[in-house]
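The next block holds one structure in the form of structure tokens; read it before the comments.
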Amino acid sequence: MSDEKTSEVELPITGMTCAVCSTTVEKALSNVDGVSEAAVNLAVEKATVKFDPEVTSRTELVDAVKKAGYGVIETGPKQKNEAFPTEDPVIEARRKEQKLALMELIFAAVLSMPLFLTHMYMIIPGVPVPETMMWFHHTGWVQFLLATPVQFIIGSKFYIGAFKSLRNRSANMDVLVVLGTSSAYFYSLFVMLGNEPFGWTPMIGHAYYFEAAAVLITFILFGKYLEARAKGQTSEAIRKLMDLAPKKATVIRKGKERVIKVEDIVVGDLVLIKPGEKVPVDGRVESGRSTVDESMITGESIPVSKKRMDQVIGATINLDGLLKVRTTRIGTDTTLAQIIKLISDAQAKKAPIQRYADLISSYFVPGVVSISIITFFTWLIIGGRFVDTGDKSVFLFSLLAMVAVLVIACPCALGLATPTAIMVGTGMGAEAGILIKGGEALETAGKLDVVVFDKTGTLTQGKPEVTDIEVYKGKKKEMMRMAASAERGSEHPLGQAIVRKAMHSKVKVPEAAYFENVAGKGIDATVEGTNVLVGSPKLMEMRKVDISATTADAKKVQAQGRTVVMVALDGFLVGMFGIADTPKAKAAKVVKELEGMGLDVVMLTGDNKRTAKTIAKKLGITNVIAQVLPSDKADAVKKLQEDGKKVAMVGDGINDAPALAQADVGIAIGSGTDIAMEAGDVVLVSGDLDGVPKAVRLSKKTMNKVRQNLFWALIYNSIGIPVAAGVFFPLLGWQLSPELAGLAMALSSVSVVTNSLLLKLSKVN
């Protein structure tokens, strides 16, 4: 399927309870004709699907999800000029689900707690039991009346989920819960009918386990509610960003000030922003001076000075001056909206390590059911040698052990181990001005061997200035005039430096009649009928221009770390510029920091070797790849990868796009309002190089949390299942009751999510 024909859609899924559910939905979507890729994230409850729109449609994808037994939250199409919503329909739907879960929990707790407290009172050794409590404990019909609504009204969701799962030829958490609670409930019902045919003649000595079924469901609901709340905290970064968007703005239309809703602003509107107000949209300053706090977007705490023609970002705060801003982007085109979408998309994508958890989960439930059956029959056969618990028969002991195995071994924690940590990690990155496009980039960033930096605009300021001018023929101003005219249409930093120098020298710069950009070498132009060549010595050699007269001067300039740009008119060399681009203030510190983390740092540049090495020496870089054309940068990265290295490429996200795409992790330097969203796997919004080591540290810390989560999820089951099965009963007398097994299962998921949230306490600075 070609990329041109591929569409991508995100579906918010409802009804998933464990990793098996997400795998089931994934398979259902993958089986739809035209779908090339489907990934389901349990933590954010979203499916990301790539498909051919000529073969299938969103409606068919939704139908596939529903046929599998799950639901889809309809969000409706988003208009391009719509202000980014302060209330996400998905978040609102999740809130309603959470409220319903709380109501169900309260209802179940009211009915099951009397059963649980009575049971716990009865089993405390040495405590005298009141006669009324003894009667309640042995009166089946009272327990039956309390337990039945919990089992079949509140617990109906588990039966429905189990039925749908089995219909799809899979077994999820609902299957385990239904098997476990139904075993306890129907056993108790059987005993009650045998002992109390009329419901009034209790037979002391035959215990009921209605409380096991009811309390088990209550504990599971309790765990799910805590899990939902904890998962909500993992997406806190998105909510914070959404809260930044102002609701109203002052616009100047026909000379009059009007306060309107932000969504009514159109491109071209003049917006008045007073001190202390939020900037409502992306725009360009028309008049006024101020400082703007951009920390909420870029992560940089130092306010940025703004004057005429400077760009401002929506949701930032105007601190001390009055600004009039011409709107350039609105709604979903704004930087804030794009950042929110990028984070949301990143959190919905899976990290490669998640595959292992998914693989284990796919075999987990059938394996647990098998273990529970083995447990039941093993104790039924050998239990008579070990079980001596008064009125508790070997059959009942075997049944309770089987139920405990079923309910303790839910794969929820395993399914949440990776995505919750990824959600927290990407959220922390966003708050620091580091936008990470998914779990794969976050995982790979911690495994890097080499970090390759583009020089111009990345390690250096990107605004080089003319430092030397040599004239070999004619007048200085005439050479500057012709060279600046040729470079006037160029966007290259070196060309812009020549134009700025001419402007500052008050030299009039005419427009070129002909202009050709010779990739990686310079400019070939026609100005006032004269052929003008401006560029590197390679360009002059290619066009057969004699440059021998400037050899000594060129070497002298290059020895000082400056770039040589030669000028020829009608095939004759007339002069030379020396141009220097100073390193960024933090560049040397960042290089040292990365090397201290055990990473090799490489500088990649189109400059000649002498100039490149001079700049590299200032920055403390020993590995330099010089004289590389833009089109060959990707090959340079590929060559490093062929040596078995994991490579990150750091560049401006536009000229370096092929190299960014080739690298294992492409890190694009953002420019505030013009973030190259598609260029890299990681975007540094502020353009601050500090973000590179921060991203590496964040990756390592996040993946440590993932490994911790997976370890504890697996250890929990490795220990919990044998304890529940009664393996330690003959030696230590340990038997785990079904209720406590259910509580342990519920808390295991909560502990995994909570451990992920602890990542917020660590710093990436």
Side-chain angles (χ1 to χ4, degrees), residues 298-302 304 432-434 445-446 448-465 467 493-494 497 557-563 578-628 633 636-637 640 645-653 655-656 659-660 663 665-672 680 682-700 763-765:
T298 65
E300 283 296 311
S301 58
I302 301 174
V304 181
I434 304 166
L448 294 172
D449 301 303
V450 182
V451 179
V452 178
F453 285 93
D454 174 55
K455 180 181 79 70
T456 306
T458 303
L459 287 171
T460 62
Q461 296 291 347
K463 279 192 174 182
E465 299 297 334
T467 55
L494 298 180
V557 169
Q558 288 171 346
Q560 295 174 330
R562 297 163 187 170
T563 300
I579 301 176
D581 184 10
T582 57
K584 287 184 177 178
K586 295 181 181 179
K589 172 179 169 287
V590 167
V591 170
K592 186 176 180 181
E593 200 171 342
L594 290 170
E595 289 180 339
M597 297 166 71
L599 299 172
D600 292 331
V601 178
V602 176
M603 187 176 81
L604 191 63
T605 178
D607 284 347
N608 65 75
K609 291 181 181 180
R610 188 190 298 268
T611 301
K613 285 185 176 180
T614 302
I615 295 290
K617 187 176 181 180
K618 291 179 181 178
L619 297 174
I621 298 174
T622 54
N623 299 320
V624 179
I625 303 175
Q627 294 179 303
V628 180
K633 287 183 178 180
V637 171
L640 290 169
K645 306 286 188 182
K646 287 280 185 184
V647 181
M649 172 70 193
V650 187
D652 64 12
N655 297 330
D656 303 312
L660 289 168
V665 179
I667 303 177
I669 300 294
S671 57
V682 177
V683 179
L684 307 181
V685 183
S686 67
D688 194 336
L689 289 177
D690 266 357
V692 179
K694 284 180 183 178
V696 175
R697 278 194 294 271
L698 181 61
S699 168
K700 290 179 182 293
K763 294 182 179 180
V764 295
N765 294 330

Contacts of Lys646 that satisfy side chain to side chain contact (heavy atoms under 4.5 Å, CB included) - sequence neighbours left out: Thr444, Leu448, Asp449, Asp664
Nearest non-hydrogen partners of Lys700 and Gly446, listed with the distance: NZ-O, 3.1 Å
Residue pair Gly578 / Val557: nearest heavy atoms and the distance that separates them: CA-CG1, 3.8 Å
Side chain to side chain contact (heavy atoms under 4.5 Å, CB included) between Asp690 and Val590, worked out: CA-CA 6 Å; Asp690 266 357; Val590 167; 3.5 Å; yes
Heavy-atom pair of closest approach, residues Pro583 and Lys618: CG-CD, 4.5 Å
Closest non-hydrogen atom pair between Pro464 and Leu494, with its separation: CG-CD2, 3.8 Å
With Val602, the side-chain contact (heavy atoms from CB on, under 4.5 Å) member among Val637, Ile625, Val647: Ile625
Contacts of Lys592 that satisfy side chain to side chain contact (heavy atoms under 4.5 Å, CB included) - sequence neighbours left out: none
Nearest atoms (heavy-atom pairs only) where Val624 meets Ala612: CG1-CB, 3.7 Å
Electrostatic pair Lys584:Asp688 at N-O distance under 4.0 angstrom: no
Listed partners of Thr614 passing side-chain hydrogen bond (donor to acceptor under 3.5 Å, both in side chains), at least two apart: none
Minimum-distance pair of heavy atoms, taken over all atoms of Ala648 and Ile667: CB-CD1, 4.3 Å
Separation between CD of Glu593 and CE of Met597, rounded to the nearest 0.5 Å: 7.0 Å
Approximate separation, where rounding is to 0.5 Å, of Leu640 CG and Asp600 CG: 9.0 Å
Partner residues of Glu465 under the salt bridge (charged side-chain N to carboxylate O under 4.0 Å, His left out) criterion, sequence neighbours left out: Arg500
Close side-chain approach of Glu595 to Val591, heavy-atom, < 4.5 Å: yes
Atom pair CD/CG of Gln627 and Leu604 - distance to nearest 0.5 Å: 12.0 Å
Listed partners of Thr458 passing side chain to side chain contact (heavy atoms under 4.5 Å, CB included), at least two apart: Phe453, Asp454, Val650, Ile669, Leu689
Side-chain heavy-atom pair Leu684, Ile434 within 4.5 angstrom cut-off: yes
Partner residues of Ala580 under the side chain to side chain contact (heavy atoms under 4.5 Å, CB included) criterion, sequence neighbours left out: Thr467, Arg562
Criterion side chain to side chain contact (heavy atoms under 4.5 Å, CB included) on Ile621 and Leu459, from CA distance to verdict: CA-CA 11 Å; Ile621 298 174; Leu459 287 171; 3.8 Å; yes
Verdict with supporting geometry, Val451 and Val692, side chain to side chain contact (heavy atoms under 4.5 Å, CB included): CA-CA 9 Å; Val451 179; Val692 179; 4.2 Å; yes
